[in-house]
Amino acid sequence: MSDDERLVLRTPEGISFTLPLAGPVSRLLACAIDVGCVAALSSFAGAGLGLLGFVSADLARALMVLAYFAISVGYGMTAEWFWRGQTLGKRVLQLRVIDAEGLRLTPGQVVVRNLLRPVDLLPAFYLVGGTFAATTRRAQRLGDIAANTIVIRNVRVAQPDLDQLLAGKFNSLREAPHLAARLRHSVSPAAASVALQALVRRDEFEPEARVRLFADIAAGFRSLVEFPPETADAIGDEQYVRDVVDIVYRSGPRAGASARASARP
């Protein structure tokens, strides 16, 4: 895969992580699925609004047009926000929208890229959006450029043995389960992947670079959710990142129980 098919994330320490970019073909297939979803929802809405035709045919047609616009735009906004950058089509094709810098999507970015979708559809068959996606370096359609987003391939890769990687460490963050759940929802897939790779490769870094790297990653995670001082202040940066990875990748009560059991003498 060439460099222009990857998103390269570089830390201040010069350590690079890459994410595969989605190509025009996979994005077009995902779009076709989403168009089918919008058509089905619009059909249901049209059937209900069609009853107004007995009162006023013009009113019924006007409401159908408004309903189609609201569904076509609202479907993408709602799905991408609650599914963290995915619609049904993207989930099927294993794609995900993220910030162009690998950060978590903001509501404004979700709104902008979906409001510009009708422009990308012009003049027909996604010609404008497809042209931009096929010719820009990061496969961005017009809406992605305006919102500073990209679409990556959410490929499942073989994960390291998390039980071995995280073994023997008590996770104090799990003592505040409501905050842990909020943190799990707030961490973007890209940030979680960077943190996991940093832990896996930690022995490859020079000591000074290792300290700075985990300080930067931990600072990003700490800014998302504020844990009580007695829970988080005594934890070093690398341990804090380890605890966040434990929460993100090993959700559920069993993980917390195993962490507590491993901490017992």
Side-chain angles (χ1 to χ4, degrees), residues 7 9 17 19 22 30 34 74-114 144 147-157 159-160 162 165-166 169-199 214 216-233 235 237-260:
L7 170 68
L9 304 174
F17 300 94
L19 294 171
D34 291 332
Y75 164 81
M77 290 182 184
T78 303
E80 287 181 359
W81 178 247
F82 285 100
W83 281 347
R84 302 173 67 182
Q86 289 186 304
T87 58
L88 182 60
K90 290 183 179 69
R91 288 174 76 93
V92 172
L93 272 296
Q94 295 186 332
L95 308 180
R96 187 183 298 274
V97 182
I98 64 172
D99 176 86
E101 305 302 322
L103 305 174
R104 179 178 170 81
L105 282 178
T106 66
Q109 287 175 305
V110 174
V111 169
V112 168
R113 74 183 309 275
N114 281 283
D144 287 318
N148 195 36
T149 57
I150 59 171
V151 181
I152 63 170
R153 291 190 291 112
N154 198 36
V155 179
R156 294 185 179 275
V157 296
Q159 289 187 358
L162 294 179
L165 181 66
L166 305 173
K169 300 293 184 179
F170 172 66
N171 189 345
S172 62
L173 301 186
R174 289 191 178 274
E175 298 301 302
H178 63 294
L179 295 177
R182 186 186 306 171
L183 178 65
R184 186 182 306 117
H185 178 75
S186 300
V187 174
S188 70
S193 177
V194 167
L196 178 59
Q197 291 183 56
L199 287 173
F214 281 104
D216 289 342
I217 297 175
F221 288 148
R222 291 180 193 271
S223 68
L224 296 177
V225 177
E226 184 177 355
F227 283 83
E230 64 274 13
T231 301
D233 284 0
I235 305 175
D237 292 327
E238 185 169 332
Q239 181 59 45
Y240 192 90
V241 173
R242 187 192 302 269
D243 289 348
V244 172
V245 169
D246 175 50
I247 288 172
V248 171
Y249 285 94
R250 299 202 304 174
S251 60
R254 190 175 65 86
S258 63
R260 285 190 291 270

Show the numbers, then the answer: is there a side-chain contact (heavy atoms from CB on, under 4.5 Å) between Glu175 and Phe170?
CA-CA 10 Å; Glu175 298 301 302; Phe170 172 66; 3.6 Å; yes
Under 3.5 Å, side chain of Arg91 to main-chain N/O of Trp83, donor-acceptor pair present?
no
Point-to-point distance, once rounded to the nearest 0.5 Å, from CZ of Arg242 to CD of Gln239
5.5 Å
Which residues pass the salt bridge (Lys or Arg N to Asp or Glu O under 4.0 Å) test with Arg222, sequence neighbours left out?
Asp237
Residue pair Ile217, Tyr240: steps toward the side-chain contact (heavy atoms from CB on, under 4.5 Å) verdict:
CA-CA 9 Å; Ile217 297 175; Tyr240 192 90; over 6 Å; no
Distance-only, no hydrogens or angles: does the Arg96 side chain make a donor-acceptor pair with backbone N or O of Gly85 under 3.5 Å?
no
Closest heavy-atom pair, Gly89 versus Asp34, reported as atoms and distance to 0.1 Å, is N-OD1, 2.8 Å
When rounded to the nearest 0.5 angstrom, what distance separates CZ in Phe221 from CG in Leu173?
11.0 Å
Which atom of Val241 lies closest to which atom of Ala195, heavy atoms considered
CG1-CB, 3.9 Å
Indicate yes or no for a side-chain donor-acceptor contact from Thr231 to the backbone of Ser172 under 3.5 Å, with no hydrogens or angles considered.
no
First locate atom CD of Gln86, then atom CG of Asn154, and finally report the distance between them rounded to the nearest 0.5 Å.
5.5 Å
Rounded to the nearest 0.5 Å, how far does CG of Leu93 lie from CZ of Arg153?
11.0 Å
I would like to know whether Ser188 and Ile98 meet side-chain contact (heavy atoms from CB on, under 4.5 Å); could you show each step before the answer?
CA-CA 8 Å; Ser188 70; Ile98 64 172; over 6 Å; no
Check against side-chain contact (heavy atoms from CB on, under 4.5 Å), Leu224 and Leu183
CA-CA 7 Å; Leu224 296 177; Leu183 178 65; 4.3 Å; yes
Heavy-atom nearest pair, Phe227 first then Ala232, reads CB-CB, 3.9 Å
What are the two closest heavy atoms between Ala180 and Ile247, and how far apart are they?
O-CG2, 3.6 Å
Side-chain donor-acceptor pairs of residues 105-114 under 3.5 Å, sequence neighbours excluded:
| residue | atom | partner | partner atom | Å |
| --- | --- | --- | --- | --- |
| Thr106 | OG1 | Gln109 | N | 3.3 |
| Thr106 | OG1 | Gln109 | OE1 | 3.3 |
| Gln109 | OE1 | Thr106 | N | 3.0 |
| Gln109 | NE2 | Asp99 | OD1 | 2.6 |
| Gln109 | NE2 | Ala147 | O | 3.1 |
| Gln109 | NE2 | Asn148 | O | 3.3 |
| Arg113 | NE | Asp144 | OD1 | 3.1 |
| Arg113 | NE | Thr149 | OG1 | 3.4 |
| Arg113 | NH1 | Glu80 | OE1 | 3.2 |
| Arg113 | NH1 | Glu80 | OE2 | 2.6 |
| Arg113 | NH2 | Asp144 | OD1 | 2.7 |
| Asn114 | OD1 | Arg117 | NH2 | 2.9 |
| Asn114 | ND2 | Glu80 | OE1 | 3.1 |
| Asn114 | ND2 | Val110 | O | 2.8 |

Measure across Lys90 and Val97 and return the closest heavy-atom pair with its distance rounded to 0.1 Å.
CE-CG2, 3.4 Å
